[in-house]
Amino acid sequence: MTDRKPVYLMTPALAWLTAFMVVPCLLILALAFFRRGIYGGIVYEFTLSNIALVFDPLYARIFLKSAGIAGLAATIAVVIGYAAAYAIASMPRKRQPILLFFAVLPFWSNYLVRTYAWIVLLNREGLIVSLARAVGFDGDLPQMLYTETAVVIGLVYNYLPFVILACYAPLSRLNPEIHEASRDLGASEWTTFRRVTLPMTVPGIATGFVFVFVLSIGNFVTPALLGGGQFQMIGNLIYDQFLTANDWPFGAALSMFLIAIMMGLLTLQTFASEKASGQQRAEVSDD
Amino acid sequence: MTSTLLSLANIEKRFGELRAVNGVSLDIRENEFFALLGASGSGKTTLLRMLAGFDMPSSGHILLDGHDISQVPPNHRPVNLMFQSYALFPHMTVAQNIAYGLEMEKLPRTEINERVDEMLSTIQLTHLAERKPEQLSGGQRQRVALGRALVKRPRLLLLDEPLGALDKKLRGEMQLELKHIQNTFGITFIVVTHDQEEALVMADRIAILKDGELLQCGSPHEIYEYPVNRFAADFIGVMNFLPARVDSGALRAVNGSRIAAPLPADLKPGDNALAAVRPERLRLGVADADNCLNGRISAMAYHGLDLHLHLETPVSPHPVMVRLTADAAEGHPFSVGEEVSVGWSARDTRVFTA
């Protein structure tokens with residue numbers, strides 16, 4: 001009796017995911033191996049040309065560009081988010097939930113509204129420019145809206161709460177005696193951070209980084225709104241193939257690669273945090 | 001007599017309204033194995049944290065080798081702490097854990113490796129040098145924690161409940177091993193413990209703390225045989241307390257019978273007092289005993305090595321504990337409800353102000 005796990009409780013969720021997510025995705029991905037009709041539509045004739053086209057320098061460059069922007073956004077988000085999580089985890093236990101609540105608060109507002117808010121800020125007549133004028137700066141201000149920088153800022157801003165939560169988890173679980181042990185053995189605060197705290201919280205950093213990276217590389221709303229169509233990220237390219245160019249097979253081929261990259265990263269990250277949580281468990285059992 | 005290593009001068013630590021440590025003064029000698037003994041909330045851990053440098057005293061001074069270290073941060077004190085949770089670095093191997101403190105001293109790599117190897121063989125973990133802490137047993141982790149602190153050759157090693165997490169058998173072995181290691185290294189050890197047996201077995205001297213104050217400090221023998229007051233007497237081991245009254249130079253129990261005992265000078269006729277005697281000092285029969293007592297057995301407990309009797313007596317509201325050795329109990333088939341007479345000598349009796 002006792003060793004029979006209630007696997008059947010997972011059935012509704014599994015059925016739902018299979019029917020409405022896995023199957024449609026597979027159907028779309030299958031399109032990658034068919035030919036596009038002359039006026040759009042699909043000709044059911046096997047071909048690898050769509051896959052080959054992904055490696056065309058033109059599109060490969062967009063992949064690299066997207067990865068570069070996602071990587072930059074993830075790096076900045078991790079630096080800012082880790083610092084915030086560290087500060088929160090150092091506060092008295094009682095105050096931490098409320099601080100976390102505030103850190104995550106923007107998350108509960110609409111993604112579009114938040115992104116449009118940045119347009120208001122970065123605009124030529126926007127808040128930042130007005131502020132600069134108000135304090136007496138009257139030189140030339142660089143274009144801010146519709147640049148790569150604006151896209152990175154938008155991505156960092158939107159996904160920062162993820163990173164804070166991901167980094168807070170391992171930081172708050174650290175046994176404070178480990179920190180004290182390092183100090184006791186002669187390490188300064190900085191050395192303790194570098195050699196003990198940081199290595200022990202790498203799983204949180206990895207989780208945060210991968211989340212931001214994966215969500216950013218496929219993002220098409222932020223590049224469209226804050227990038228102003230100045231450049232394309234992979235998400236925009238896929239969007240265009242399906243909705244504008246009417247080339248579903250090529251859109252499917254691009255999606256396949258994007259999904260493969262995401263899955264690869266998420267798998268790596270799962271393994272890394274699995275390994276680390278083994279260490280954490282061993283640590284907890286010491287008490 | 002060896003010289004003083006550590007002097008605590010009137011140490012006080014307040015957390016808001018709470019006085020966790022209240023005016024403790026102590027001298028700890030070079031090469032001493034010293035125990036701070038107290039229940040939880042006695043201030044022993046706060047005192048330890050001040051010695052390690054994690055807390056600063058609200059007032060008073062800590063002198064190590066004559067230098068005031070009260071305000072020196074933990075990484076600049078020649079003092080190391082073995083944590084109760086061991087606090088090993090989970091992402092480092094055993095060897096890396098031990099090397100960590102030496103790397104902080106910026107010693108040359110060859111010296112670090114030598115000293116780590118030496119320590120690994122001292123704690124008998126050479127074969128597990130490359131293991132991570134999670135792959136070790138509780139006893140092995142404890143040895144790593146000890147080695148990591150010892151390898152720095154501190155002037156003073158602090159041990160917070162060092163044997164608390166070990167099972168009983170291992171604890172017995174480690175008590176002797178710790179004593180042996182302390183002897184070999186010639187480092188002063190201060191052990192914080194709530195376990196009186198641990199303190200009695202290991203320590204050269206014991207300080208009993210209660211509610212942030214020092215109750216008594218002395219050798220295990222002094223602490224056990226000559227407690228300074230009834231709190232100290234009650235804290236260590238088992239003690240029978242008989243309420244009494246001082247009556248013109250003699251002590252009388254509640255039923256009026258005389259208790260033969262050395263009277264402290266500060267007790268005057270009319271004062272309430274407590275006569276105290278340890279269970280193992282009570283003997284069967286009353287022939288040639290200074291004091292005698294009749295009672296009815298209310299409970300018995302057989303411990304193999306000895307037999308414990310609980311006696312209902314006219315002199316105390318609580319049962320009087322008698323501990324008979326297997327030899328003394330030989331040939332007496334005791335049973336609950338039986339009347340027995342026990343006696344004890346005057347010099348085994350302590351008298352305290354009630």
Side-chain angles (χ1 to χ4, degrees), chain A residues 82 86 89-95 166-167 169-207 209 268-269 271-287, chain B residues 45 48-49 51-55 72-93 96-107 131-138 140-142 144-145 147-154 156-158 160-161 164-165:
Chain A
Y82 189 90
Y86 189 93
S90 314
M91 296 285 176
R93 284 264 165 205
K94 265 191 181 164
R95 241 185 286 163
C167 293
L171 278 167
S172 67
R173 272 201 309 266
L174 285 184
N175 172 1
E177 288 197 342
I178 298 249
H179 179 269
E180 288 179 348
S182 168
R183 300 278 285 137
D184 185 71
L185 292 166
S188 62
E189 279 293 338
W190 169 244
T191 308
T192 299
F193 174 75
R194 200 170 47 81
R195 295 214 35 197
V196 178
T197 312
L198 191 62
M200 285 182 69
T201 48
V202 159
I205 296 175
T207 305
F209 185 91
L268 267 180
Q269 181 260 323
F271 273 116
S273 63
E274 193 49 40
K275 196 176 160 222
S277 70
Q279 286 182 356
Q280 286 282 351
R281 273 196 298 278
E283 189 47 44
V284 169
S285 68
D286 270 359
D287 294 336
Chain B
T45 302
L48 186 83
R49 290 181 59 82
L51 294 180
F54 300 128
D55 285 326
V72 175
N75 51 330
H76 293 131
R77 294 186 183 201
V79 174
N80 287 108
L81 170 59
M82 188 182 127
F83 288 83
Q84 185 177 6
S85 71
Y86 306 150
L88 300 179
F89 305 126
H91 56 299
M92 299 183 195
T93 63
Q96 286 168 341
N97 263 282
I98 295 173
Y100 188 84
L102 299 177
E103 287 163 6
M104 294 306 127
E105 291 176 29
K106 307 227 159 31
L107 297 177
R131 292 268 184 97
K132 292 278 181 70
E134 57 171 331
Q135 299 164 301
L136 302 180
S137 71
Q140 291 165 341
R141 282 182 209 181
Q142 197 235 22
V144 178
R148 187 178 68 172
L150 264 182
V151 76
K152 285 185 65 91
R153 298 176 190 158
L156 178 63
L157 184 72
L158 309 169
D160 189 4
E161 303 278 359

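- Counting all heavy atoms, side chain and backbone alike, B:R148 lies closest to A:A181 at NH2-CB, 3.4 Å.
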Between A:D184 and B:F54, is a side chain to side chain contact (heavy atoms under 4.5 Å, CB included) present by the stated rule, with each step listed? CA-CA 9 Å; A:D184 185 71; B:F54 300 128; 3.9 Å; yes
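- Interface remark: B:E103 contributes side-chain atoms only to the contact with chain A (heavy atom separation under 4.5 Å).
- Distance check, rounded to the nearest 0.5 Å: CZ of A:R195 to OH of B:Y100 gives 5.5 Å.
- Residues passing the side chain to side chain contact (heavy atoms under 4.5 Å, CB included) test with A:A166, sequence neighbours excluded: A:T207.
- The two residues B:F89 and A:V196 make their nearest non-hydrogen contact at CE2-CG2, 3.8 Å.
- The side chain to side chain contact (heavy atoms under 4.5 Å, CB included) search around A:V202 returns none, not counting sequence neighbours.
- Going from atom CG of B:N75 over to atom OG1 of A:T192 covers 7.5 Å, rounded to the nearest 0.5 Å.
- The minimum heavy-atom distance between B:P73 and A:R183, with the atom names listed, is CB-NH2, 4.2 Å.
- Summarising the geometry of A:L185 relative to B:K152, their closest heavy-atom pair is O-NZ, 2.7 Å, with the distance given to 0.1 Å.
- At a threshold of 4.5 Å between non-hydrogen side-chain atoms, the residues B:P90 and A:M200 count as touching.
- Only the backbone of B:V79 comes within contact range of chain A, with heavy atoms under 4.5 Å apart.
- Scanning all heavy atoms of the two residues, the minimum distance from B:S85 to A:N175 falls at OG-ND2, 3.2 Å.
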